[in-house]
Trainee: 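First the structure, then my questions, so here it is.
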Number of protein chains: 2
Amino acid sequence: MSDLDDVIPTGRRAVTRQKILEAAYALFTAQSVNLVGVDTISARSGVAKMTLYHHFQAKENLVLAYLDLRAKRWTVGWLKAGVKTRGATPRARLLAIFDLFHEWFEDEGFEGCPFLRIICESEAGSPVHKATAAKLGQIESFAGQLARGAGLPDPNGLAAAWMMLMEGAIMSARAGRKDAALKAKEAAAVLLAAWDRKSAKTAAVKTASIKRGAKAVRKRKPSR
Amino acid sequence: MSDLDDVIPTGRRAVTRQKILEAAYALFTAQSVNLVGVDTISARSGVAKMTLYHHFQAKENLVLAYLDLRAKRWTVGWLKAGVKTRGATPRARLLAIFDLFHEWFEDEGFEGCPFLRIICESEAGSPVHKATAAKLGQIESFAGQLARGAGLPDPNGLAAAWMMLMEGAIMSARAGRKDAALKAKEAAAVLLAAWDRKSAKTAAVKTASIKRGAKAVRKRKPSR
DNA sequence: CGAATTTTATACAGATCGGTACAATTATTC
DNA sequence: GAATAATTGTACCGATCTGTATAAAATTCG
């Protein structure tokens, strides 16, 4: 037994920790992080509350561990893997994201995206907020890889747009639109077909014109 | 004095009610509805808590009143009005939405969109959730009017896509992307230019193919 | 077996939440 | 000025929250 025996967690301590994390995963995925109490996690996991605080010193650490697990299971194990089996080319895989979303939204247990929920309800500069933003960035990077693999111009720009369509589809679905993924895929298909006729230079010019226009017309600060 | 004298609120009661609502507006706009307590609203408004409960029997009613006021001020007084002054044609106005968003996101007090926050954190079938979804639908209808005014095909489809880009831009900005509105406008411009070459029939065909594809490849239910 | 580690139950601290009881005070209105 | 309506302060209820103190019980392992 070397000093690295904890890399493969088979001990009692690791099992207990996993039970806590599994309960937190189910609860945090279904409900708001702020609405799930530590006592609920303790009860659901069958692990005493004291033990829970022995493993995670504060609830925040449990949330951070949840974010890692969610990214591993959802982003990698579900989104990336699912897209790979549904599309042969990077282009097809970009569009297949919305097929996966459609099934996700139709799931009876769909309660929106935990990442977006946490982005909404956590304080702007907090560790949880930063960690969640990083998980979202990981998803956008994935879209960027596909765009680059498809040989598209300005792949980062397309990834940003794709990300917004994904986020918007999730929010619309959460707001009750059952066809959000279908509508998003339609728009995504149109956007993708047109993106080829877009050069990186065009993007820069457009950005500049936006900035000039915004500054020129500004009159007064409205109510936000 | 007729029995309709309360349509123009000048009485003491109406003034008090407005003070409460103004405090709630500022607080609910800046922070989460669940994190703002009734005591805080009472303190900020300078109105006793008992009086607050005389006007609004429960906090939920105050939230519902806030949603109406927010829609009146933000959707109508800021978004619709701002877009009108910045664009002469419906097409220009559609794109001008993202210019407004850019200024919004740059505002120091930007804390995301209250509508989206409430959609995230309220229960799916609750009155607050439904009312908020209706306010979002109002915004989408506005985009649909512009699309129809621009003579675009499938204006409702474009409105849905536009709404998702708007929602996604807000979420991305909240997650830290300062250029979210610029990236959204780039994508929106590309999408808009390509939307002309899209017929309503194409949309129906694409939707059907999505449904077939999703059902055919389905293997197992993943972790949501 | 015996010792170290881990988990357990209970009870509680301190804070915040939405909502209410009560009695007194203030302002309006005829 | 008197009757009515509206607002006030304070204290409280019961429930919830994160986190802890304590000491016993269960498990692992040399």
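All chains are named by letter (A, B, ...) in the order of the sequence lines, taking the proteins before the strands, and each is independently numbered beginning at 1. Here the structure is a predicted model, which means the values were calculated and not measured.
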Trainee: The criterion is side chain to side chain donor-acceptor pair (under 3.5 Å); which residues satisfy it with S42(B), sequence neighbours excluded?
Mentor: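 Scan of S42(B) (side chain to side chain donor-acceptor pair (under 3.5 Å), adjacent residues dropped) gives none.
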Trainee: Return the orientation label for the F110(A) and W104(A) ring planes: parallel under 30°, perpendicular over 60°, tilted otherwise.
Mentor: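 Judged by the thresholds at 30° and 60°, the geometry between F110(A) and W104(A) is perpendicular.
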Trainee: Take the protein atom CG of L27(B) and the nucleotide atom P of dG18(C), then report the distance between them rounded to whole Å.
Mentor: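 Checked: the CG to P distance equals 12 Å.
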Trainee: What class does the angle between the rings of Y25(B) and Y66(B) fall in, given that below 30° is parallel, 30 to 60° is tilted and above 60° is perpendicular?
Mentor: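 Y25(B) vs Y66(B) ring planes: tilted.
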Trainee: What's the NE2-C1' distance between H55(A) and dT5(C), to the nearest Å?
Mentor: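 That distance rounds to 11 Å.
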Trainee: Sequence neighbours left out, what pairs pass side chain to side chain donor-acceptor pair (under 3.5 Å) with at least one residue falling in residues 45-61 of chain B?
Mentor: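 Side chain to side chain donor-acceptor pair (under 3.5 Å) check on residues 45-61 of chain B returns D39(B)-K49(B).
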Trainee: Whole angstroms only, please: what is the OH-C1' distance between Y53(B) and dA6(D)?
Mentor: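 Taking atom C1' of dA6(D) as the reference, OH of Y53(B) is at 19 Å.
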Trainee: For N34(A) and for R13(B), locate the closest nucleotide of DNA chain D by heavy-atom distance; then report the residue assigned to the nucleotide nearer the 5' terminus.
Mentor: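 Taking each residue's closest nucleotide, the earlier one in sequence belongs to R13(B).
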Trainee: Looking at residues 60-69 of chain B, who's got a heavy atom less than 4.0 Å off DNA chain C?
Mentor: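 Heavy-atom contacts with DNA chain C come from no residue of residues 60-69 of chain B; none.
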Trainee: Whole-Å distance between dT20(D) P and Q57(A) CD?
Mentor: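 Checked: the CD to P distance equals 9 Å.
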Trainee: Tell me the interatomic distance from L52(B), atom CG, to dT20(C), atom C1', rounded to whole angstroms.
Mentor: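 Whole-Å distance recorded here is 13 Å.
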Trainee: When rounded to the nearest 0.5 angstrom, what is the spacing between CE in M171(B) and CZ in R177(B)?
Mentor: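 M171(B) CE to R177(B) CZ: 14.0 Å, rounded to 0.5 Å.
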Trainee: Starting at atom CZ of F56(B), determine the distance to atom C1' of dT7(D), rounded to an integer number of angstrom.
Mentor: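 In whole Å, dT7(D) C1' lies 15 Å from F56(B) CZ.
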Trainee: Do L79(A) and M166(A) make a side-chain contact, defined as non-hydrogen atoms from C-beta onward lying under 4.5 Å apart?
Mentor: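 Answer yes - side chains close enough.
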Trainee: Provide a list of protein-nucleic acid N or O atom pairs under 3.5 angstrom, restricted to nucleotides 8-12 of chain D.
Mentor:
unit_1, atom_1, unit_2, atom_2, d
dT8(D), OP2, A48(B), N, 3.1
dT8(D), OP2, T51(B), OG1, 3.0

Trainee: Hey, does the side chain of R12(B) come within less than 4.0 Å of dA5(D)'s phosphate (OP1/OP2), counting only N and O?
Mentor: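 Indeed not, no polar side-chain atom of R12(B) lies that close.
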Trainee: Indicate the atoms forming the closest heavy-atom contact of S172(A) with M164(B), along with that distance.
Mentor: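 Smallest interatomic distance, heavy atoms only, reads OG-CG, 3.8 Å.
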Trainee: Ignoring hydrogens, what is the shortest heavy-atom contact between C120(A) and R117(B)? Give both atom names and the distance.
Mentor: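 Scanning both residues completely, I find the closest heavy atoms to be O-CD, 3.8 Å.
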Trainee: Applying ring pair (Phe, Tyr, Trp, His ring centres under 6.0 Å) as the test, list every pair that has at least one member in residues 161-189 of chain B; sequence neighbours left out.
Mentor: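 Applying ring pair (Phe, Tyr, Trp, His ring centres under 6.0 Å) to every pair that reaches into residues 161-189 of chain B, excluding sequence neighbours, yields F98(B)-W162(B).
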Trainee: Do the non-hydrogen side-chain atoms of V83(B) and L94(B) ever get within less than 4.5 Å of each other?
Mentor: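 Side-chain contact under 4.5 Å: no.
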Trainee: Specify the separation, in whole Å, of atom CG of L35(A) and atom C1' of dC17(C).
Mentor: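 Interatomic distance, CG of L35(A) to C1' of dC17(C): 12 Å.
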Trainee: Is R174(A) salt-bridged to E167(B), going by a charged N under 4.0 Å from an acidic O?
Mentor: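 No salt bridge links R174(A) with E167(B).
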Trainee: Give the rounded distance in Å between these two atoms: CG of D39(A) and P of dC17(D).
Mentor: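 To the nearest whole Å, that distance equals 7 Å.
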Trainee: State, to the nearest 10°, the angle formed by the axis through the first five base pairs of the helix from dC1(C)-dG30(D) to dC30(C)-dG1(D) and the axis through its last five.
Mentor: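 The end-segment axes of the helix from dC1(C)-dG30(D) to dC30(C)-dG1(D) are tilted 10° relative to each other.
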